[in-house]
Every structure is written in structure tokens, then in C-alpha cells.
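Structure record follows, encoded as C-alpha cells.
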Amino acid sequence: MTEGLEGVIAARTILSDVDGDAGRLVIRGYSLDQLAGRTRFAAAAHLLLDGFFEDLPDVVGLEARLGLARAAVFARIMSTGGVPTGLNAVESVRALLARLPDGDDLHTAVTLLSAPAVFTAAVARNRNGLEPIRPDPALDHAADTLRMVRGVTASPAEAAALDTYLVTVCDHGLNASTFAARVTASTLAGLTSAVLTGLSTLKGPLHGGAPGPVIEMLNAIGEVANVRPWIEQALARGDRLMGFGHRIYRVRDPRADALKRAVRTLTPDAGRLVLAEAVEQAALAILRERKPNRSLQTNVEFYTALLLEALGFAPDDFTCVFAMGRTLGWLAHAREQVASGRLIRPASTYVGPVPQIAA
Ligand code: ACO
């Protein structure tokens, strides 16, 4: 037994495969390079959900269904008390998701796929004292998401960059949140419960909660001259460098490159990229010196932070944007798990006290 279940095979899946030694991610027969930057979110949704719903429409129909679902989800928040108070962004989105009914059908799946975008936009605007913006079902999902968050129409390059992000993170083998979502789905609790489980697991800093702290790190470092001493001090304190290391990848996470390319399309003057590249180089060198037996490389969260910042999202909202993409993976895995027909129920080794038996 390993405490973190490393190497344990807990599912058979047709959805995605992560090869941590080769640095390769395959999503339903396509390499990440074939999808990221070339595929809209609705097309990725069609790819992953194909075969899991008998009434799944084609890509154009699915894009239209996402638009209608955004409008319906928006109407629901407005009629059920709006954005909750006293919670951070991901907690607010979790609370709003929990207001949705459970179900196993395509309608529930499309609602859940569109909901994180509507909720995140409403939560971000509420934080700034602004009214939420009504979705425009005629726009594609990424363009409408940016419009709802920022209040202005996104450029085609910005919408394409958000599509690249959502597709890049849509599925990634049996990561912690996907495993958790499959456990919930295996009890037949329903898709909303599975997605809520996924989101609750994603929010931790060792999983999807890292990109906000990446921005805090870049802000704290400030300029290239401070990079090396800042990292040395952080590691001397015993801190982990956010955006580095991965349970599976022993080489560079292929998603980091896909996202770095997307950042370049938005910031041709490279601005923040210069500092980020200096941090990345120094971090990799120092981690190599300090942990010679463990290959610690850049993970997806490092360039996620730069891309989402360039798109105008606040660091508080980064994990919610991650959830916009990963909900697709959770839904497909939930359906696949239910189709397997098997409850997930592992065993544990008891190491506690034994009852005293009277002599
Ligand atoms: N900075 C400094 N040291 C690190 C880092 C890091 N980012 N990552 C791992 N290490 C060290 C550990 O302290 C450990 O050292 P030790 O053997 O002296 O105790 C050694 O490397 C091995 O680490 P593990 O804990 O075995 O690695 P694990 O596979 O459990 O962790 C994880 C992977 C959680 C991602 C880790 O690398 C980490 O905490 N990274 C920072 C947070 C982060 O970027 N999270 C996003 C991950 S990507 C995603 O989930 C979408």
C-alpha cells in the first residue's frame, strides 16, 4: 500500500492518458498538441461526451445548448438569492452549484458545463460591487464568459486563448478531483454531486488552487534581480514553489507549453513573461540542486497564472476558471464510471487499538 495511491490503477478509461515519463497527454485519441489552440471548448465537450448520452447533439448544436444553459443558469441565480456573501470565489461557486438539482441526463450535464462560467462571472463582479451581466446565448462559450466577467466584448484572440486554456485542462487522467468525482458517481448520487465533489477536491493548493499563489509569488519577487534570493529563502523556510512538481510528470508538463504559447498570443511585448521565465529557470535549477533524486518540473499551474492574468481574471477566480474546463472531464468520467456499474469501495489496513478481551 502507498499512502497517496501512487501507481494504483483504479479505473479503465477511454477518456485521457497521461504519460509522465514522456511528457505526453492524450485526450480521447488526440495528443494535446492536436487539440490545444485548434479546438473550441464545445468541440472538446463533444469529443469527451460522445457515446455517454444518446441524445448528444453535434458540435454546433452543443454550442447552442451551452448558450441556452448559460441563460437558464443566470435566471436561476437571480431568482434564488444571487451570489452568497462571506465566502471566497471558489466557495461561492461551490455554494451556487449546490443549488442545482441532481440528474444523470444531457440537460443536467450541459447545465453543469455552462454553470461555472456564469457563476464565476457573477461572483467576480459581485466582489467589485457590480451587477452580473446577462449571458448572450448567441456567442460561443469562451467569448461570452469573458464578456460576462469583464463587461466588454472579447477580441477573437482573447476568446481563442480562453478556449485553449479550457481545452488544455479539460481532462487529465485519474487526477485527485476526477478520482473523487468518480467515487461519488459510483454511488449513483448524480452528476451535480459528482461535479461538486470534483470542485471541492480541486480547490486545494496541491491541486487546482496553485495558480493564485503563483501570481502572489511573482508579485513578491517583483523584478528579475530578486529571483534567486527570493526562491532560496522560500525553500529555506520549507515552502513549496507553486507551479512546480507533479505526482505523475517527471519531465515538463506538456500543458505548460500549450499555455505559454497562448500567453504569447496575448502579450507580444512579453511584459510579465520575462519575469516568469527568469523565475522558472531559477526555480528549476535550484530544485535540481536541492532535490537531485526527484525530477521537479514546471506544471500546468505556472503558465495558467500568466494566461488567466493576461485575460483579465483576478487571482481569486483562477481555480473557478480551472473548474470551467475540468467540469467537462468530471462529467465524462462520472458517466463512464456509472456505465461500468461498479461502486468504488476500497479497503484499509486497521492500525488502531484492538479491543481488550477479558481473561
Ligand atoms: N517546491 C519545493 N519542493 C517540492 C515541490 C515544490 N513545488 N514539489 C515537491 N517538492 C519536494 C517535496 O517537498 C518532497 O521533498 P522531500 O522528499 O524532501 O520531502 C519531494 O519534492 C517530493 O515531493 P512529493 O510530495 O512526493 O511530491 P507529490 O507527488 O506528492 O506532490 C505536488 C506533487 C503536490 C504537485 C507537489 O509537487 C507540490 O506541492 N507542488 C506545488 C503546488 C502545485 O504546483 N500544485 C499544482 C499541481 S498541478 C495540478 O494539480 C493541476
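Counting starts at 1 for both ligands and their atoms, following the listed order.
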State which residues pass salt bridge (charged side-chain N to carboxylate O under 4.0 Å, His left out) with [X]; sequence neighbours excluded, sorted by chain then number.
| X | answer |
| --- | --- |
| Glu6 | Arg247 |
| Arg76 | none |
| Glu223 | none |

side-chain contact (heavy atoms from CB on, under 4.5 Å) assessment of Thr39 paired with Gln34
CA-CA 8 Å; Thr39 310; Gln34 289 173 301; over 6 Å; no
Hey, can you tell me if His207 and Phe322 have their rings parallel, tilted or perpendicular (30° and 60° cut-offs)?
perpendicular
Tell me if the CG atom of Leu343 is crowded by more than 12 foreign heavy atoms within 6.0 Å.
yes
Near ligand 1, which protein residues have a heavy atom under 4.0 Å away?
Pro205, Leu206, His207, Ala210, Leu235, Arg240, Leu241, Met242, Gly243, Phe244, Gly245, His246, Arg247, Leu287, Lys291, Arg294, Leu296, Asn299, Val300, Glu301, Phe322
